[in-house]
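Take a look at the structure below.
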Amino acid sequence: MRPPSSGTLRRASAQPPKRQTPCEGPRVVRRTTGRIQRPEGARQGQPPRRRTASNAQRRPSAAAAPEKLRCQPNGARHRRPAGHPRYRTGGPSAPLPKKRSRKKLWLSLAALLAALLVATYVVLIWPVFVTVSPSRGISLKAATEASGKRIMNVAVFGIDSRSDVAGARSDSIMIVTSDNKHKKIKATSLMRDTYVQIPGHDYGKLNAAYAYGGPTLALKTINTNFDTAVTDYIVINFNCTIKVVNAVGGVDVDLSSAEVKVLNDYVDNINRTNNTSAKHITGSGTKHLNGVQALAYSRIRYVGNGDFGRTQRQRTVMQKVLNKAKKMSLSKQYRLYKTIKPYIKTNMSNARIFKFLFNIALIRNADFQQQQIPDANQLSLGYLKGQSYVFPMSLSENVQTLHRFIYEHTYSPSTRTQDISEHIDTVWQQ
């Protein structure tokens, strides 16, 4: 049998033909299709493909290839997942999206937070502006005096917790001032028995205004007689004193032997009223008082100079509390506010209260100054129709003293205040 020639077909042997290893030779991934690109001339029976200028721009060379593929078995084509930025059918490849730097993100957030803090700080320390308000007794002269200054005034009315708050006379009356202009905290006690004009109710004691019309009329009476422009008030009952003194850990007060005896009587009375069990104070000197004992001390009237001494004791307790509260952190000051909030009544919004407390907190090392109106050198005690009064010897001079204390400059009373002053002069000099 004649062997077949080289030109004839051979019968397939049992052995499969040898496959060409797909990993032979360098391979480059096309950026456009993801296909494997062989070296030029590697195609059998085909001449090398000419590279045009457009192809050179569209298809990277082997040297510029960004990555290499692993060998795939059986010559399988490597495919990228759908949606991959390099999985395109033509045209230049799109650049990969740039990831935003975390550092830049944090810097942006920090800048935003700093801007918010600065804006909040500016709003909180922004000067006070008051408009004329006949319903509140604020005259044009008083409004002009109070506006444009970093000085906030709040009227504080103390009410006996055993009384009806809506109709009781205010047991204590104060104007508390946060003076960020001069870095001071001030408390002005207005004598409750002061003979003043009560709008709509002729003349009478200052504390009677609260009984006639609550804190609104009481505030209007203060503005009418003393040329003030106070718009905010806080009404507290005596239970608030107990809570706030306990919240700051008590206060240290110097006591005389006469004060100790009367103080213990008041402690017994408060214990019965509030179902508390505060102990008596023994001995005179500097004593650490809890809330009940501090309240009893504030109510002492018949030791020393009568009601003048009592207002002094009330200012002393307030000073001790503020001095300790100023040293607290902002979080503790906020908890202190939350403690006393159920025991107060106010026309101030939460933002207004926070502004007032924030301004006080800014004056950490400020002096605490006190004043009494009528001033001790500008008053006269007397009786009218069987009732005792504190008569301002000159209401106009007392108004000048008050404004000099709060705003620290001279002030000329309004015509309305001068007319009231002249009427009071005719009464107490009789």
Side-chain angles (χ1 to χ4, degrees), residues 122-134 136-156 173-191 194 196-197 206 219-233 311-312 315 318-319 322 326 348 352 355-379 390 392-422 424-425:
V122 171
V123 171
L124 291 175
I125 66 170
W126 196 257
V128 176
F129 291 92
V130 185
T131 58
V132 178
S133 176
R136 293 178 175 177
I138 301 176
S139 64
L140 175 61
K141 193 173 184 62
T144 304
E145 167 78 352
S147 295
K149 298 179 176 64
R150 293 177 56 194
I151 298 176
M152 287 188 67
N153 296 305
V154 177
V156 179
I173 306 170
M174 284 189 189
I175 298 177
V176 180
T177 304
S178 64
D179 184 356
N180 274 270
K181 180 179 180 181
H182 305 100
K183 304 302 179 183
K184 297 176 183 177
I185 300 175
K186 305 169 184 177
T188 306
S189 292
L190 303 178
M191 306 300 296
T194 304
V196 295
Q197 183 193 72
L206 178 59
L219 191 62
K220 183 177 182 180
T221 302
I222 293 173
N223 291 331
T224 299
N225 289 269
F226 300 104
D227 255 3
T228 51
V230 183
T231 60
D232 304 314
Y233 67 79
T311 58
Q312 175 62 53
R315 294 193 301 270
M318 176 177 288
Q319 176 184 1
L322 287 177
K326 286 191 303 180
M348 302 172 69
R352 186 77 172 176
K355 176 180 175 66
F356 180 68
L357 296 179
F358 182 79
N359 279 271
I360 289 181
L362 287 177
I363 319 174
R364 290 187 172 272
N365 299 320
D367 296 332
F368 185 90
Q369 296 187 349
Q370 305 179 33
Q371 179 63 46
Q372 169 192 294
I373 297 294
D375 186 77
N377 299 320
Q378 298 172 337
L379 61 83
V390 176
M393 295 173 61
S394 172
L395 181 62
S396 295
E397 292 182 7
N398 276 281
V399 168
Q400 293 177 19
T401 300
L402 174 62
H403 283 254
R404 187 164 51 248
F405 174 70
I406 293 178
Y407 298 104
E408 301 195 9
H409 64 77
T410 58
Y411 176 78
S412 177
S414 64
T415 303
R416 179 187 61 186
T417 297
Q418 293 179 15
D419 293 340
I420 297 174
S421 180
E422 291 176 1
I424 295 176
D425 291 344

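For clarity, every value in this text was computed on a predicted model and none was experimentally measured.
Of the possible polar contacts, none joining the R315 side chain to the Q372 backbone as a donor-acceptor pair under 3.5 Å is found. Judged purely by atom type and a 3.5 angstrom limit, S421 has no side-chain atom pairing as donor or acceptor with the backbone of T417. A distance-only check finds no donor-acceptor pair linking the side chain of D232 to the backbone of V154 [under 3.5 Å]. Counting only distance, with no hydrogens or angles, the side chain of Q371 and the backbone of L402 share no donor-acceptor pair below 3.5 Å. Using a distance-only test at 3.5 Å, with no hydrogens or angles considered, a donor-acceptor pair links the side chain of N223 to the main chain of V230. Panel note: side chain N398, backbone D375; a donor-acceptor pair is recorded below 3.5 Å. Between the side chain of S178 and the main chain of N359, no donor-acceptor pair closer than 3.5 Å is present.
Considering every non-hydrogen atom in both S396 and P413, the closest pair reads O-CG, 3.7 Å. The two residues I406 and T188 come nearest to each other via the heavy atoms CG1-OG1, 4.4 Å. Of all the heavy atoms in A187 and F368, the pair that sits closest is CB-CZ, 3.7 Å. The minimum heavy-atom distance between V132 and A143, with the atom names listed, is N-CB, 4.1 Å. Of all heavy-atom pairs spanning A155 and L219, the tightest one is CB-CD1, 3.7 Å. Closest heavy-atom contact between A146 and Y407: CB-OH, 3.4 Å.
Remark: I363 CD1 to H182 NE2 distance equals 11.0 Å, nearest 0.5 Å. Atom CD1 in I424 sits 8.5 Å away from atom CD in Q197 (nearest 0.5 Å). From I138, atom CD1 reaches atom OG1 of T144 across 11.5 Å, with rounding to the nearest 0.5 Å. Rounding to the nearest 0.5 Å gives a distance of 11.0 Å between CD of E422 and CG of L395. Atom OH in Y233 sits 14.5 Å away from atom NZ in K220 (nearest 0.5 Å). Note that OG of S189 is 10.0 Å distant from CD1 of I373, once rounded to the nearest 0.5 Å.
Exactly one residue among I222, T194, V156 makes a side chain to side chain contact (heavy atoms under 4.5 Å, CB included) with I173. That residue is I222. Considering R150, K181, K149 in turn, R150 is the only one that fulfils the side chain to side chain contact (heavy atoms under 4.5 Å, CB included) rule with P127.
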For a side chain to side chain contact (heavy atoms under 4.5 Å, CB included) check, start with the C-alpha distance between T401 and F405, then their side-chain angles and the critical distance, and finish with the verdict. CA-CA 6 Å; T401 300; F405 174 70; 5.6 Å; no
CA sep, side-chain torsions, deciding dist, call: E408, K184, salt bridge (charged side-chain N to carboxylate O under 4.0 Å, His left out): CA-CA 11 Å; E408 301 195 9; K184 297 176 183 177; 2.9 Å; yes
Test log, rule side chain to side chain contact (heavy atoms under 4.5 Å, CB included), inputs L322 and I185: CA-CA 9 Å; L322 287 177; I185 300 175; 4.0 Å; yes
Passes side chain to side chain contact (heavy atoms under 4.5 Å, CB included), V196 versus T224? Steps please. CA-CA 9 Å; V196 295; T224 299; over 6 Å; no
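Proximity of T177 to Q369: side-chain heavy atoms (C-beta onward) are nowhere separated by under 4.5 Å. Residues V128 and I151 have side chains not in contact (no heavy-atom distance under 4.5 Å, counting atoms from C-beta outward). Taking the side chain as every heavy atom from C-beta outward, T231 and R352 approach each other to under 4.5 Å. Contact annotation: the side chain of Q378 never approaches that of S394 to less than 4.5 Å [non-hydrogen atoms, C-beta and beyond]. For the pair D227/E145, no side-chain contact is recorded, criterion being any heavy-atom separation below 4.5 Å from C-beta on. Side chains of V176 and M318 form a contact here, defined as non-hydrogen atoms less than 4.5 Å apart. The side-chain heavy atoms of V390 and L206, taken from C-beta on, include no pair separated by under 4.5 Å. The side-chain heavy atoms of Q370 and Q312, taken from C-beta on, include a pair separated by under 4.5 Å.
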